[in-house]
Undergrad: 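Submitted below is the structure of interest, expressed as structure tokens.
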Amino acid sequence: MDIKAKLERSRQSARECRARKKLRYQYLEELVADREKAVFALRKELEKYKLWSKELDEQRWPDGLQAFLEEMGSVKQEM
């Protein structure tokens with residue numbers, strides 16, 4: 001009987017180990033997905049700033065720049 005109990009404990013331990021491993025991988029996959037979304041958003045923002053810079057170099061005022069500056073507090077809103 002001792003051998004059967006030992007085998008059952010071993011099986012249970014293996015099941016628990018697999019469950020913990022599965023949860024760990026799920027957590028890591030969610031973490032990676034969140035980071036990928038953040039990277040995508042930052043790349044999009046960078047492209048917007050590059051476009052604004054190019055337009056300013058060409059002596060044009062980019063769409064959305066005034067609102068951005070007002071939001072950042074760099075330019076006071078005129079009433």
Undergrad: Same hydrophobic cluster for Met72 and Leu65, using side-chain heavy-atom links shorter than 4.5 Å among ILVMFWY?
TA: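 Yes, because Met72 and Leu65 connect within a single hydrophobic cluster, where side-chain heavy atoms sit under 4.5 Å apart.
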Undergrad: Distance-only criterion, 3.5 Å: show the donor-acceptor pairs between side-chain atoms of residues 29-53 and protein atoms not counting sequence neighbours.
TA:
{"unit_1": "Glu45", "atom_1": "OE2", "unit_2": "Tyr49", "atom_2": "OH", "d": "2.8"}
{"unit_1": "Trp52", "atom_1": "NE1", "unit_2": "Asp63", "atom_2": "O", "d": "3.3"}

Undergrad: Could you name each residue pair satisfying side chain to side chain donor-acceptor pair (under 3.5 Å) that touches residues 16-26, not counting sequence neighbours?
TA: Gln12-Glu16
Undergrad: Could I get the full list of side chain to side chain contact (heavy atoms under 4.5 Å, CB included) partners for Leu7, not counting sequence neighbours?
TA: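 Side chain to side chain contact (heavy atoms under 4.5 Å, CB included) list for Leu7, sorted by chain: Ile3, Arg11.
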Undergrad: Calculate, to the nearest 0.5 Å, the distance between atoms NZ and CG belonging to Lys54 and Asp57 respectively.
TA: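 Atom-to-atom, Lys54:NZ and Asp57:CG are 10.0 Å apart.
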Undergrad: Please identify each residue that fulfils side-chain hydrogen bond (donor to acceptor under 3.5 Å, both in side chains) with Gln59, with sequence neighbours left out.
TA: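 Applying side-chain hydrogen bond (donor to acceptor under 3.5 Å, both in side chains) to Gln59 gives none.
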